[in-house]
Q: 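Questions regarding the structure given below will be posed in turn.
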Amino acid sequence: MNSVQIEENVKSLVKQVSSQEISKDDFVYELLLAYGHRKSVVSRVKSGERNLAKTAGEVILKRHLYFKPCTSNLFAEIDALKNSKTVATNKIRFVVVTDFSQLIAIDTKTQDTLDIELGQLAKHFDFFLPWAGMEKMVYRGENPADVKAAEKMADFFDHIKATNYPENATKEQLHEMVVFLNRLLFCFFAEDTKIFSENQFTNLLNQHTQEDGSDLVGVFERLFDVLNTPAHQRNDLPKYLNDFPYVNGGLFKKQIKVPTFDAKARRMLLDSGSLDWSDINPDIFGSMIQGVADPETRSKMGMHYTSVSNIMKVIEPLFLNDLYEEFDKCNDNINKLKKLQVRLSRIKFFDPACGSGNFLIITYKEIRELEIEILKRIRELEGESDSGMMGLFDESHSAIRLDQFYGIELDDFAHEMAILSLWLVEHQMNMVFETEFGYTAPTLPLKQSGRIVAGNAAVVDWELVCPATETDEVYILGNPPYLGARQQNKQQKSELKDLLKHLKGCHNLDYIAIWFYKASLYCAGKNAVKAAFVSTNSIVQGVQVETLWPAIFEKAIEIDFCYSSFKWTNNAKNKAAVICVIIGIRNTTKAPKFIYDERSILTVDNINAYLSPAESVFVEQRKKCLSQLPPVNYGSFALDDGNLTLSKEEAEELSHDNVAQKYIREFVGSKELIQGNERYCLWLDSGYEHSEKLSERVNRVKCWREQSDRAATVKLASVPHKFAEIRQPDSPYLAFPTISSERREYIPAKFYEPDTIASNQIYVIPNAELWHFAILSSSMHMTWIKAIGGRLKSDYRYSAALLYNTFPLPALTEAQKESLSELAINVITARESYPEHSLAKLYDPELMPLILREAHEAVDKLVCSLFSKKPLLEHEARLAALFNTYHRMIMETK
């Protein structure tokens, strides 16, 4: 359920309460349903089966809600409840009191409060969104435990590195530092989460080492040996060491060179021990601590990790939604519930670019939480007698194992951090299990911590890391490196070429294409295997589509679901947000497919490579127009080292030269067209020699061209007074920019007279008609640009071959052209009502005048009607109509 659906649910609930269609007794149950709580759970709460409250009218749903209707002082009531033992013991997230006129609530996790009239609840529906799994974005200032711990470890790492290793430390030396740091992190975490005794590790450092830190090397070497030795194999040891448990799991197995310490390093360790490490979130902390090894990323701490909300966008449609749906189906059948638990224990989860393990950690948490719900339901069905419980749980405890979680990671630090983080999250979930059922499997000795391989996923055989048969259920997921074609280093370019050299144009592919292609190879023929990755949206735009996706689809692979473009905003502060998509792939089936955005979910029959619910077509570059549109070309290119182009001031100065003034022309490029800037050029023919100033400029062009490394440029030195490429129309023309801001809803186009020289930064249509202007200024044209075109950073980059020549405009009647022309005049007239405004200002979506917007909407309505008899109100509907028309027109040309 998305936030828009929830908002509508809450609006409906408030309306029904106001009209008394819903009784006060049912309000709380309808509220839970509005936020997506499963009907089966709410029914059991309503029946009293899952309601822990003993007082009529109150509802206590463990971990979720303490609801109390009351008529006395609401503030006093909520103050009493939020600090009560019931809230703490049952880990209640939201405490709510109401007299059905006023409602007061508190979020015990964030300490946010809500104090509103009940009728205003719909305006504040987002307060309870965590019930639907939609947490606030977690920023640096809101994670004090993670931030403090990461910063202290960063300072400690810097100090130890500076006092132990030269600047050019070897890879082996740095690896030992990474292993040592991970051991420290485990020990700090262990003493605050009941793995060790309380403060056992910090007390060792404080009581059994010298203040100058000189003996810490020996103490650590001895401690690490103890933690790697089973109790029955230990020789005579002092009690303070022998009391440490056997850890194993590989974390303390290998002997490493412990760095030397001084007094400052010892104090830093003791200071770190004073933190409460039980509050550390492995999914966030793992990425933050990566910054420890790279000072350049320190400023990004707390902001550069993959947020939980974005991870959920991948794992929910990939597998979690289906698993919960299966849980609901077998909710009243013990055998089916047990089979579902067995299924969970056999699934493999694989992140072939796992970083510090965020995706695997969140997946592990979610699967363990689902298993807990399954076991709770089995307990309810079997009856809550002690013997029944012990009979069920003593045999298995949790069936989920860390060795179901696979990963590949190139970075040494991140690889080690992923292993550690999986240990930490397993223990945290064991503690949750123990809170619910009273006992859990022992954490020590540590077991296999996932199957995280150190290596390069671009070249490693994924089947060797995570073997899969045709019947294995495997989910591949993650956020691989994007790296556009121009950002790849030589090694990355070589890796991409080695894998995809059979694809024409592979050199234009993003680095992440490797992951999609390898995932398709892995999935092919395995019906229980699916994959989903976060990617920049360039992988489904421009020439990359026709290069990559046919090779994937020909393996009988299809797009299962996708998230349309959204901003990846959880990067470092002041860093431009990346436009991302999420794409899930699977073997071809007849099962429905889903397109998600921030507001809705669209169920469709097909998703093509442009993430449109339309035919699987591939738009190829064309030299000629597919439609009735006239030819288009760039404007003229000076290639003059700035000598034939003039600023406003230079043009003013030259205008005093009687010869030069007749050669000065207005010169228009993208900036001049959009922003209204003034620029000029010299459009010369014979006769310019009579001006000394012009001759000087022409001579400079000649010398500059002669010195070029390009033979074609040197040849142009023979005509230094002319532009290198001349494409100036001799009649009025329509112009539009090659680059336009992503914020604009329309591409700004404008008519010019032939004495205004067009630069190569704009496209030119000579003798264009008004209806051409209308088509290019329409939302349908913009939809095509967004879907098919490439980007320059985040701006739209227009391509005549890929966008203009392929635009699938149906054949028009003369009457339709006339109607479009009349509407085009309305747009131009609306613009002329604001002569002081540039097109940049007129087409700023926040400043666009109403008269201009209404004129464009009239154009949009008519252009849409050319493609469909039904109104095309949504982007997806317009895009589907465009692709279907394109497919039909292409078929007609064959």
Q: If you look at every heavy atom in Gln544 and Leu509, which pair is closest and at what distance?
A: OE1-CA, 3.4 Å
Q: Decide yes or no on side chain to side chain contact (heavy atoms under 4.5 Å, CB included) for Ile664 and Leu682, but give the supporting numbers first.
A: CA-CA 5 Å; Ile664 298 173; Leu682 294 170; 4.0 Å; yes
Q: Tell me, do Ser777 and Val859 make a side-chain contact under 4.5 Å, heavy atoms counted?
A: no
Q: What heavy-atom pair brings Ile674 and Pro748 nearest, and what distance separates the two atoms?
A: CG1-CG, 4.5 Å
Q: For Glu725, does the CD atom sit with more than 12 other heavy atoms under 6.0 Å from it, leaving out its own atoms?
A: yes
Q: Between the side chain of Ser718 and the main-chain N/O of Lys715, is any donor-acceptor distance below 3.5 Å?
A: yes
Q: Using distance alone, with no hydrogens and no angle criterion, decide if Asn310 and Tyr563 have a side-chain donor and acceptor under 3.5 Å apart.
A: no
Q: Over 60° means perpendicular and under 30° means parallel, so classify the ring planes of Tyr763 and Tyr634, tilted if in between.
A: parallel
Q: Could you measure the distance from the CG atom of Leu842 to the CZ atom of Arg744? Nearest 0.5 Å is fine.
A: 10.5 Å
Q: What's the separation between atom OG in Ser731 and atom CD in Glu753, rounded to the nearest 0.5 Å?
A: 9.5 Å
Q: Does a side-chain heavy-atom distance below 4.5 Å link Asp510 with Leu548?
A: no
Q: Answer yes or no: are there more than 12 heavy-atom neighbours, outside Gln675 itself, under 6.0 Å from its atom CD?
A: yes
Q: Work out which heavy atom in Ile765 is nearest to a heavy atom in Pro630; give both atom names and the distance.
A: CG2-CG, 3.5 Å
Q: I'd like to know whether the aromatic ring centres of His502 and Tyr517 sit less than 6.0 Å apart in this structure.
A: yes
Q: How long is the span from the CH2 atom in Trp771 to the CG atom in Leu629, to the nearest 0.5 Å?
A: 5.5 Å
Q: Start with the C-alpha distance between Ile476 and Phe533, add both sets of side-chain angles, then the distance that settles side chain to side chain contact (heavy atoms under 4.5 Å, CB included), and finish with yes or no.
A: CA-CA 8 Å; Ile476 306 170; Phe533 296 124; 3.8 Å; yes
Q: Test side-chain hydrogen bond (donor to acceptor under 3.5 Å, both in side chains) on Asp860 and Tyr746; report intermediate values, then the result.
A: CA-CA 10 Å; Asp860 292 342; Tyr746 302 96; 2.6 Å; yes
Q: Taking the side chain as everything from C-beta on, heavy atoms only, tell me whether His887 gets closer than 4.5 Å to Leu882.
A: no
Q: If you count heavy atoms of other groups shown closer than 6.0 angstrom to NZ of Lys841, is the number above 12?
A: no
Q: Might you work through the salt bridge (charged side-chain N to carboxylate O under 4.0 Å, His left out) test for Glu615 and Arg888, ending with a clear yes or no?
A: CA-CA 10 Å; Glu615 296 278 355; Arg888 175 179 55 79; over 6 Å; no
Q: Taking the ring of Tyr798 and the ring of His781, is the distance between their centroids below 6.0 Å?
A: yes
Q: When rounded to the nearest 0.5 angstrom, what distance separates OH in Tyr522 from CG in Asp461?
A: 9.5 Å
Q: Working note: Glu652 + Lys648, criterion salt bridge (charged side-chain N to carboxylate O under 4.0 Å, His left out); need CA distance, chi angles, decisive distance, verdict.
A: CA-CA 6 Å; Glu652 175 66 24; Lys648 182 180 179 181; over 6 Å; no
Q: Using modelled atom types only, decide if a donor and an acceptor are shared between the side chain of Asp657 and the backbone of Leu654 within a distance under 3.5 Å.
A: no
Q: Do Glu706 side-chain atoms and Trp704 backbone N/O form a donor-acceptor pair below 3.5 Å?
A: no
Q: Return the OG to CG distance between Ser636 and Asn760, rounded to the nearest 0.5 Å.
A: 8.5 Å
Q: Whether the side chain of Arg665 engages the backbone of Lys662 through a donor-acceptor N/O pair (distance < 3.5 Å, no angle test) should be reported.
A: yes
Q: Hey, could you give me the CD/CD distance between Glu696 and Glu692, rounded to the nearest 0.5 Å?
A: 5.0 Å
Q: Any heavy-atom pair between the side chains of Leu626 and Asn805 that's under 4.5 Å?
A: no
Q: Do you see a donor-acceptor pair shorter than 3.5 Å between the side chains of Tyr482 and Asn479?
A: yes
Q: For Lys671, look at atom NZ and say whether over 12 heavy atoms of other residues, nucleotides or ligands are found less than 6.0 Å away.
A: no
Q: Can you give me the closest heavy-atom contact between Ala768 and Phe751, atom names plus distance?
A: O-CE2, 3.7 Å
Q: Just to verify, which of Phe867, Tyr886, Tyr796 counts as forming a ring pair (Phe, Tyr, Trp, His ring centres under 6.0 Å) with Trp784?
A: Tyr886
Q: Do you know the tightest heavy-atom contact between Leu820 and Leu866?
A: CD1-CD1, 4.3 Å
Q: Please report the closest heavy-atom contact between Ala457 and Trp462, naming both atoms and the distance.
A: O-NE1, 2.9 Å
Q: Can you check whether Gln492 reaches Leu496 side chain to side chain, under 4.5 Å on heavy atoms?
A: no
Q: Check whether any side-chain N or O of Ser778 sits under 3.5 Å from a backbone N or O of Ile775 as a donor-acceptor pair, and report yes or no.
A: yes
Q: Aromatic contact between Trp549 and Tyr610, with the criterion being ring centroids under 6.0 Å apart: yes or no?
A: no
